[in-house]
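Written below as structure tokens is the structure these notes are about.
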Amino acid sequence: MLPLELIRKDPELVKRAAELKGEPAPVDEILRLDTRWRQATAAAELARAEQNALSKEFAKSKDQSLLPRMKRLGESAKFHGAEADRLRAELDRLLLHVPNLFHESVPVGESEADNVMVREWGSRPQLGFEPRPHYDIGEALDIMDFERAARVSGSRFAFLKGAGARLERALVQFMLDLHTREHGYTELLPPFLVNTASMLGTANLPKFGDEAFRVEGRDLWLIPTAEVPMTNFHRDEMLDGSQLPLNYVAYSPCWRSEAGAAGKDTRGYIRMHQFSKVELVKLVKPEASLEALEELTGHAEVVLQRLGLHYQVMAMCTADMGFAQYKKYDINAWAPGLGRYLEVSSCSVFNDFQARRANLRYRPAPGQPPRFVHTLNGSALALTRTIDCVIETYQQADGTVAVPDVLKPYMGGLEYLGPTG
RNA sequence: GGGGAGGUGGCUGAGUGGUCGAAAGCGUCCGCCUGCUAAGCGGAUAGGGGGUGUGAAACUCCCUCGAGGGUUCGAAUCCCUCCCUUCCCGCCA
């Protein structure tokens, strides 16, 4: 959420940013409501001030003749106050629909095609034979099962089996160990269901409710990402400046309805209603947030480097960036069998956009007024697509899949995923 | 699910109708004292919003004691609903 003062002071800036992001922003409506709200507030406060003054007098003098006036003032304050509350509620509702600004370094663009590659690591491997997609390999080795998953749950679900299930577990373990031991993150195992307030805090609501699954009859949502419980971990707290930055890593399943993706990535282990992810979240001081984004992105990249997977880091352009992000990098890893890059990570900085919604504050130093923290998050990594890239990159001519060196300790020393695996 | 207790500032915790945004303590900051540190002494210290206004300030008013509603001229305090925490009982992986 953007501060109302900013919208008042520079509505054109807010409008322009929203336009470039391709998001509607009810700026003019907000300005109109703001004016009316302030008028109603002034009227209510005037009446209440007078009422308070008389009330003090009455407490001392018990002068009964004051009562009728006090009663009238009370009614007036109530009347204007109710109007002010109504306008403010509408104002707050609209404020939740105003997208975040973006950093000046974000490329202006109209579509995915305008994203800018900022670096790449490795190169497309030459396998010396026709590479197969992960779903063919997975089914041939009997480590991925889409048919039974469709029967048990529906489309966009999968079973992993045997060495496939173990591979995902190994990857999770490897990522968590890397980030906790080498990158200084504290591990959380968060709740996988959260309430509406948390979804609002990270800006998954009100705009993206269609994307999430909701528990019927309860105020609970299946998390679309661990970012939601993680970023809300310190909701409504007053942090001490000396505690920052806070770095958290968590494994969780993620659930998404994929409402807008009908017909897209229907084949394979790519776009699932449920997928596993290792997520990084940082709470930092405002002046440190852009640097923290680079650091966070780097931490995600290390995972791919250790796995020996070729990838590109893309700076998202305005149109591809989304409602809440201030700046965002996607990391796309190469899947030789599919012959395309898969988005395995998305790393974003939100500035104080989420912090305002979730009331994440810190006191820079004793005696100083509180400030909002800046929040960041990034996948490191999404397991589905990482597994695809591992399988497709390490596939052998004989149909087996070599286990990357870093994963061998997590796979009980297993060298190859084979039919017996 | 049944019954009890409770949710107050950065923290602990008092406060059952007006003089309470709120005692006291802790923490923190400033000053004094001390060769230095500790101790001691004095002072300061919640958040949010509106108005006037400035380079910053300053002044002033309003709101906020878990959330929402009600009673009252007036609510942290009384009533209702909900949420959360905790204890006992029941159920249960």
Side-chain angles (χ1 to χ4, degrees), chain A residues 1-10 30-96 98 189-201 205 214-215 217-221 229 232-244 246 253 283 285-286 352-373:
Chain A
M1 165 157 71
L2 292 176
L4 182 55
E5 317 144 57
L6 174 70
I7 299 176
R8 260 181 220 150
K9 210 163 66 186
D10 200 346
I30 285 172
L31 291 175
R32 274 196 300 276
L33 275 170
D34 180 45
T35 305
R36 291 175 59 201
W37 168 68
R38 282 193 280 180
Q39 284 167 353
T41 300
E45 287 187 358
L46 206 69
R48 207 163 284 132
E50 201 177 333
Q51 187 195 24
N52 286 345
L54 288 181
S55 192
K56 264 183 195 151
E57 201 182 317
F58 179 85
K60 272 184 270 177
S61 69
K62 305 288 181 201
D63 179 355
Q64 300 296 314
S65 73
L66 293 171
L67 286 179
R69 234 170 102 206
M70 291 166 71
K71 184 154 194 167
R72 264 201 317 280
L73 286 167
E75 279 159 6
S76 169
K78 202 173 220 174
F79 173 79
H80 291 293
E83 174 72 357
D85 287 350
R86 194 185 63 72
L87 290 165
R88 183 68 214 200
E90 179 65 6
L91 194 55
D92 286 338
R93 195 186 66 78
L94 289 178
L95 281 172
L96 290 176
V98 177
L189 184 60
F192 299 157
L193 295 169
V194 295
N195 57 30
T196 297
S198 294
M199 291 286 278
L200 283 167
L205 288 176
R214 186 170 197 179
V215 177
R218 314 244 352 214
D219 181 27
L220 288 172
W221 302 75
N232 279 284
F233 185 60
H234 290 290
R235 175 143 57 89
D236 292 324
E237 286 183 31
M238 180 72 70
L239 299 164
D240 192 300
S242 62
Q243 293 174 264
L244 300 177
L246 288 165
L283 305 187
K285 294 180 183 176
D352 60 5
F353 192 81
Q354 291 181 322
R356 282 176 192 283
R357 291 169 166 246
N359 193 27
L360 301 167
R361 297 182 301 169
Y362 76 103
R363 201 178 289 284
Q368 288 187 13
R371 300 182 69 186
F372 289 108
V373 302

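Scope of the values below: all heavy atoms of this structure, side chains included, with no hydrogens, waters or symmetry mates.
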**Prompt:** Between atom NZ in A:Lys56 and atom P in B:rC20, what is the gap in whole Å?
**Reply:** 9 Å
**Prompt:** What integer number of Å spans the P atoms of B:rG43 and B:rG49?
**Reply:** 32 Å
**Message:** Can you list everything that forms a side chain to side chain donor-acceptor pair (under 3.5 Å) with A:Asp240? Sequence neighbours excluded, please.
**Reply:** A:Ser242
**Prompt:** Considering residues at least two apart in sequence or located in another chain, which fulfil the side chain to side chain donor-acceptor pair (under 3.5 Å) criterion with A:Glu237?
**Reply:** A:His234
**Item:** Pairwise C1' distance, B:rG1 and B:rU72 [rounded to whole Å]
**Value:** 38 Å
**Request:** Just grab all the salt bridge (charged side-chain N to carboxylate O under 4.0 Å, His left out) pairs involving residues 360-370 of chain A, residues at least two apart or on different chains.
**Result:** none
**B:rC89 versus B:rG21 - spacing of their P atoms, nearest Å** = 43 Å
**Asked** For A:Gln64 and B:rG74, what is the distance between atoms CD and P respectively, to the nearest whole Å?
**Response** 14 Å
**Message:** Quick test of your reading: applying side-chain hydrogen bond (donor to acceptor under 3.5 Å, both in side chains), list the pairs with at least one residue in residues 48-58 of chain A, sequence neighbours left out, ordered by first then second residue.
**Reply:** none
**Prompt:** Judged by atom type as modelled, is there a donor-acceptor pair below 3.5 Å linking the side chain of A:Arg235 to the main-chain atoms of A:Ala358?
**Reply:** no
**Item:** Span that lies between the P atom of B:rA22 and that of B:rG47, in whole angstrom
**Value:** 13 Å
**Prompt:** What residues, two or more places apart in sequence or in another chain, satisfy ring pair (Phe, Tyr, Trp, His ring centres under 6.0 Å) together with A:Phe58?
**Reply:** none
**Message:** Under a 3.5 Å cut-off for both contacts, is B:rU85 paired Watson-Crick or G-U wobble with anything, and if yes, with which nucleotide?
**Reply:** B:rA5
**Item:** Partners passing side chain to side chain donor-acceptor pair (under 3.5 Å) against A:Ser61 (at least two apart in sequence or in another chain)
**Value:** none
**Asked** Using the C1' atom in both, what is the distance from B:rC65 to B:rG3, to the nearest Å?
**Response** 27 Å
**Item:** Interatomic distance, A:Lys71 NZ vs B:rC73 P [rounded to whole Å]
**Value:** 4 Å
**Rounded interatomic separation in angstrom, taking CG from A:Asp236 and P from B:rG10** = 12 Å
**Request:** Take nucleotides 47-68 of chain B nucleotide by nucleotide from the 5' end and write B, S or -, depending on whether a protein heavy atom sits under 4.0 Å from the base, only from the sugar-phosphate, or from neither.
**Result:** SSBSS---------BBS-----
**Message:** Going by purine N1 to pyrimidine N3 plus the second Watson-Crick contact, or the G-U wobble pair, all under 3.5 Å, which nucleotide sits opposite B:rA46?
**Reply:** B:rU64
**Item:** Base partner of B:rA58, which must satisfy Watson-Crick or wobble distances under 3.5 Å
**Value:** B:rU52
**Request:** Report yes if the side chains of A:Leu2 and A:Leu95 come closer than 4.5 Å at any heavy-atom pair, otherwise no.
**Result:** no
**Request:** Quick one: which residue pairs count as a side-chain hydrogen bond (donor to acceptor under 3.5 Å, both in side chains) with a foot in residues 30-42 of chain A, not counting sequence neighbours?
**Result:** A:Arg8-A:Asp34, A:Asp34-A:Arg38, A:Trp37-A:Thr41
**Interatomic distance at C1', B:rA46 relative to B:rG55, whole Å** = 29 Å
**Prompt:** How many Å lie between CD on A:Glu75 and P on B:rU72, as a whole number?
**Reply:** 10 Å
Shorter than 3.5 Å, N or O on both sides, protein versus nucleotides 26-31 of chain B: list them out with atom names.
none

**Asked** What integer number of Å spans the P atoms of B:rA75 and B:rU19?
**Response** 11 Å
**Item:** Integer angstrom distance from the P of B:rG2 to that of B:rU81
**Value:** 13 Å
**Asked** Rounded to the nearest Å, what distance is computed from the CZ atom of residue A:Arg235 to the C1' atom of nucleotide B:rC84?
**Response** 12 Å
**Message:** Looking at A:Glu5, I'd like to know if its CD atom is crowded, meaning that more than 12 non-hydrogen atoms belonging to other residues, nucleotides or ligands lie closer than 6.0 Å.
**Reply:** no
**Partner nucleotide, any strand, of B:rC41 [Watson-Crick/G-U, under 3.5 Å]** = B:rG31
**For B:rU19, the Watson-Crick or wobble partner whose two distances fall under 3.5 Å** = none
